[in-house]
Amino acid sequence: MNKKDKRFVYLDHSASTPVDPRVCEAMLPYFSETYGNASGLHQQARGSARALDQARRMVANYLGCSPKEIVFTSGGSESDNMAIRGVAWAQKLAGKGSHIISTPIEHSAVRNTVDQLCQHFGFEQTQVAADERGLVSPTAVAEAIRPDTVLISVMGANNEVGTLQPVAEIGAVAREHEIPFHSDTVQMAHGLALDVDQLKVDLLSLSAHKFYGPKGVGVLYLRQGTPFLAPSTGGGHEENRRPGTENIPYIVGLATALNLIQQELGDEGPRQAKLRDRLIEGTLAAIPAARLTGHPTRRLPNHASFVLPGCDASAMLMHLDLLGIAAASGSACSTGMPEPSSVLLAMGLPYELALGALRLSLGRGTTEEDIEYALEAIPEMVIKVQALA
Ligand SMILES: Cc1ncc(COP(=O)(O)O)c(C=O)c1O
């Protein structure tokens with residue numbers, strides 16, 4: 001590749017997105033103009049309370065629920081923690097049991113929370129397997145149900161491989177057995193509409209920085225009547241479900257970002273899906289040994305993920321970075337020792353292959369030229385990385 005052609009291409013939207021300038025603009029007045037504590041009884045406070053109220057209604061409108069069912073949190077991780085601990089504790093206290101159903105491909109915010117409940121608080125879990133395309137079967141979820149099952153948590157879309165789960169079908173199974181159902185839908189809001197009744201969820205997690213809002217703010221949808229014991233205690237904020245003075249500018253940012261996503265979804269979803277397909281087809285054609293991970297069709301519209309045999313993930317990311325491309329892998333690198341992604345291993349990929357994971361995730365700013373540039377850069381990077389092995 002010619003040096004003069006080099007450009008910057010951001011293909012890591014599944015990790016985080018830039019804050020939309022319209023979102024920044026909406027947030028700004030709530031730092032230094034309307035800054036009162038929303039719980040107060042004066043004009044300044046009322047301004048903040050109004051903004052909080054409006055944001056809650058906007059999010060509820062997006063999810064198709066009542067504003068009372070929206071809890072603002074510090075992000076996807078906190079929403080997942082609250083959903084799982086809150087329901088598990090309430091159910092155990094009510095004598096309903098202590099068995100949780102989840103999957104081995106959940107985000108660590110779900111997996112580690114369930115693990116901790118099992119290791120230290122007397123819960124048991126069944127992890128329902130995902131197949132080689134990352135799909136979880138509703139029938140397998142139904143078969144895992146026991147009389148003491150108190151919660152089912154299955155993510156909506158996997159962050160590493162992009163597979164979309166049959167959430168509504170799993171929700172139907174949960175409903176039939178009257179078991180609360182949580183879904184981590186953090187990756188879905190970027191390109192798909194979400195309706196809590198259609199999805200048949202009782203709890204759902206969102207995070208603003210995945211859809212052009214600020215980092216550090218999220219939503220827990222909590223269906224009315226769901227057993228829930230607040231994991232954190234303090235003031236009576238968020239109807240006693242999540243204490244702490246509300247972060248009004250960030251909450252306004254989240255609601256504005258969600259509103260924009262909702263308006264632009266009709267055009268952006270298909271546009272990104274088309275670019276994603278070009279990226280997948282081009283990569284597989286240029287590198288015959290490459291393998292698509294996740295489901296070939298049931299996947300996030302902005303998500304392409306591969307394993308490349310003989311390529312170390314961190315070496316690939318470094319070389320792509322030198323070529324101006326921001327990408328990610330499924331594997332975390334700790335103390336210099338590459339570790340394959342536990343999600344890929346759970347989907348049955350061999351250890352060696354799982355070391356070569358590459359994730360390319362598109363966004364609003366991604367153009368055709370960006371994709372063509374990436375398709376030129378990726379084979380060049382693979383030759384360099386394979387030469388290192
Ligand atoms: C599926 C999924 N759940 C939860 C999270 C955590 O969200 P946050 O970064 O807001 O804590 C992420 C973020 O990567 C995610 O992809």
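Just the heavy atoms: all of them, side chains too, but no hydrogens, waters or symmetry mates, feed the values below. All ligand and atom numbering here is 1-based and tracks the order in the structure.
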A.B. asks: Only one of Asn302, Asn158, Asn159 forms a side-chain contact (heavy atoms from CB on, under 4.5 Å) with Gln187, so which one is it?
C.D. replies: Asn159
A.B. asks: Determine whether more than 12 heavy atoms belonging to other residues, nucleotides or ligands lie under 6.0 Å from atom CG of Leu93.
C.D. replies: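 Enclosed: over 12 neighbouring heavy atoms sit under 6.0 Å from CG of Leu93.
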A.B. asks: Can you list every protein residue that has a heavy atom under 4.0 Å from any atom of ligand 1, sorted by chain and residue number?
C.D. replies: Gly75, Gly76, Ser77, Asp80, His107, Met155, Asn159, Asp184, Val186, Gln187, Ser207, His209, Lys210
A.B. asks: Can you tell whether the side chains of Glu268 and Arg271 come within less than 4.0 Å, N to carboxylate O?
C.D. replies: yes
A.B. asks: Regarding Arg7 and Glu369, does a basic nitrogen lie under 4.0 Å from an acidic carboxylate oxygen?
C.D. replies: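 Salt bridge flag = no for Glu369 with Arg7.
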A.B. asks: Charged N to carboxylate O below 4.0 Å: is that the case for Asp197 and Arg223?
C.D. replies: yes
A.B. asks: List, one per line, each side-chain donor-acceptor pair under 3.5 Å for residues 55-68, sequence neighbours excluded.
C.D. replies:
unit_1: Arg56; atom_1: NH1; unit_2: Ile70; atom_2: O; d: 2.9
unit_1: Arg56; atom_1: NH1; unit_2: Glu238; atom_2: OE1; d: 2.9
unit_1: Arg56; atom_1: NH2; unit_2: Glu238; atom_2: OE2; d: 2.8
unit_1: Tyr62; atom_1: OH; unit_2: Leu192; atom_2: O; d: 3.3
unit_1: Ser66; atom_1: OG; unit_2: Lys68; atom_2: N; d: 3.1

